[in-house]
Amino acid sequence: MIEKKDVTITPLGLQRRLHIYLPDDYYQSKETYPVMYMFDGHNLFYDEDATYGKSWGLKEFLDQYDKKFIVVGLECNHEGNQRIVEFSPYTYSTHYWGMIKGKGAELMEWIVYELKPMIDSTYRTMPFRECTGIGGSSMGGLMALYAIIKYNRFFSKAACLSSAIFAGKDQLLHDLHNTKINADTRVYLSLGKKEANSNYLHQQRLYDNMVFTNYFKDIGATSMLNVIEDGKHDESSWEKENKIYFDFLWK
């Protein structure tokens with residue numbers, strides 16, 4: 001089942017909707033559950049809620065998956081380019097977007113210190129680090145990668161699909177090199193071969209993903225880079241990865 005709740009992101013002074021997946025028998029059981037926090041919550045479960053009319057199909061997948069979860073999906077800011085701003089941990093400049101003064105660091109701090117405690121007090125979660133993961137795609141994938149680095153003491157797993165690593169790669173590498181990453185950390189990264197509009201751009205994104213994949217491995221964590229032959233930068237492609245990243249992160 002999906003529950004929708006409105007919350008206030010206090011450091012940004014904005015109200016936002018949560019899309020929360022619970023096992024269908026949640027209210028008939030006394031079980032506790034691991035939690036995945038995911039970005040772009042409106043795109044995860046129902047096509048009618050999704051920005052482009054196609055979701056990740058995550059509800060249908062989890063309903064038949066052999067492990068039960070709570071998934072907390074945070075809807076993005078739909079105004080102008082504010083999704084990019086809120087899902088950017090750093091300030092940077094690009095030719096296409098211009099100067100982006102990222103608010104992702106403030107958003108992530110709110111997720112860790114306000115949203116997570118609220119979820120843990122409201123639902124029957126397994127609140128400890130080993131049972132807490134985070135995930136997203138594109139800018140949400142960047143945020144998931146940022147979270148597993150900066151807040152590794154809270155998250156042990158990250159699904160980073162088609163991540164916009166270019167939006168702060170140097171700062172992210174600096175943080176990674178100056179952060180202690182627990183050896184039980186698991187990081188899934190993916191990239192579709194049909195995402196970029198040129199082979200040069202694809203190779204550049206492939207290299208960026210390989211840098212992080214290899215670094216996690218070098219420091220003793222577990223990481224996987226999945227290069228998908230027909231993968232595009234859309235929800236239909238990310239839906240096909242549901243079982244792959246859930247199996248890798250949780251089994």
Regarding [X] and [Y], is there a side-chain donor-to-acceptor distance under 3.5 Å anywhere?
X: Tyr21; Y: Asp63; value: yes
X: Asp120; Y: Thr125; value: yes
X: Tyr65; Y: Asp247; value: yes
X: Tyr188; Y: Asn226; value: yes
X: Asn152; Y: Thr185; value: yes

Practice task
Indicate if Phe69 and Phe45 have the same hydrophobic cluster label, given that clusters are the connected sets of ILVMFWY residues with side-chain heavy-atom separations under 4.5 angstrom.
Solution key: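 Hydrophobic grouping puts Phe69 with Phe45.
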Problem - Check: Tyr92 ring centre within less than 6.0 Å of Phe166 ring centre - result: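 That pair fails the under 6.0 Å test.
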Practice task
Would you check if the distance from the ring center of His177 to the ring center of Tyr215 is below 6.0 Å?
Solution key: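 Distance test on ring centres: under 6.0 Å, yes.
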NZ/NE/NH1/NH2 to OD/OE distance under 4.0 Å, [X] and [Y]:
X: Lys194; Y: Asp234; answer: no
X: Arg16; Y: Glu75; answer: no
X: Lys157; Y: Glu130; answer: no
X: Asp49; Y: Lys4; answer: yes

Problem - Heavy-atom check, side chain of Ile134 versus side chain of Met36, under 4.5 Å - result: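 Side-chain contact under 4.5 Å: no.
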Exercise for the section: With Arg129 as the cation and Phe155 as the aromatic partner, state whether NZ or CZ is under 6.0 Å from the six-membered ring centre and within 45° of the axis. Expected result: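 Judged by the rule (NZ or CZ under 6.0 Å from the ring centre, within 45° of its axis), Arg129 is not positioned above Phe155.
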Exercise for the section: May I ask you to decide if Cys76's main-chain N or O and Arg83's side chain share a donor-acceptor pair within less than 3.5 Å? Expected result: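 A pair under 3.5 Å: no.
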Exercise for the section: Please check if atom NZ in Lys101 has more than 12 non-hydrogen atoms from other residues, nucleotides or ligands closer than 6.0 Å. Expected result: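 Result for NZ/Lys101: open.
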Exercise for the section: Classify the ring geometry between Trp238 and Trp56 as parallel (under 30°), tilted (30 to 60°) or perpendicular (over 60°). Expected result: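 The arrangement is tilted - the two ring planes meet at 30° to 60°.
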Problem - Plane angle bin for Tyr33 and Tyr26 - parallel if under 30°, tilted between 30 and 60°, otherwise perpendicular - result: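 The rings of Tyr26 and Tyr33 sit tilted, inter-plane angle from 30° to 60°.
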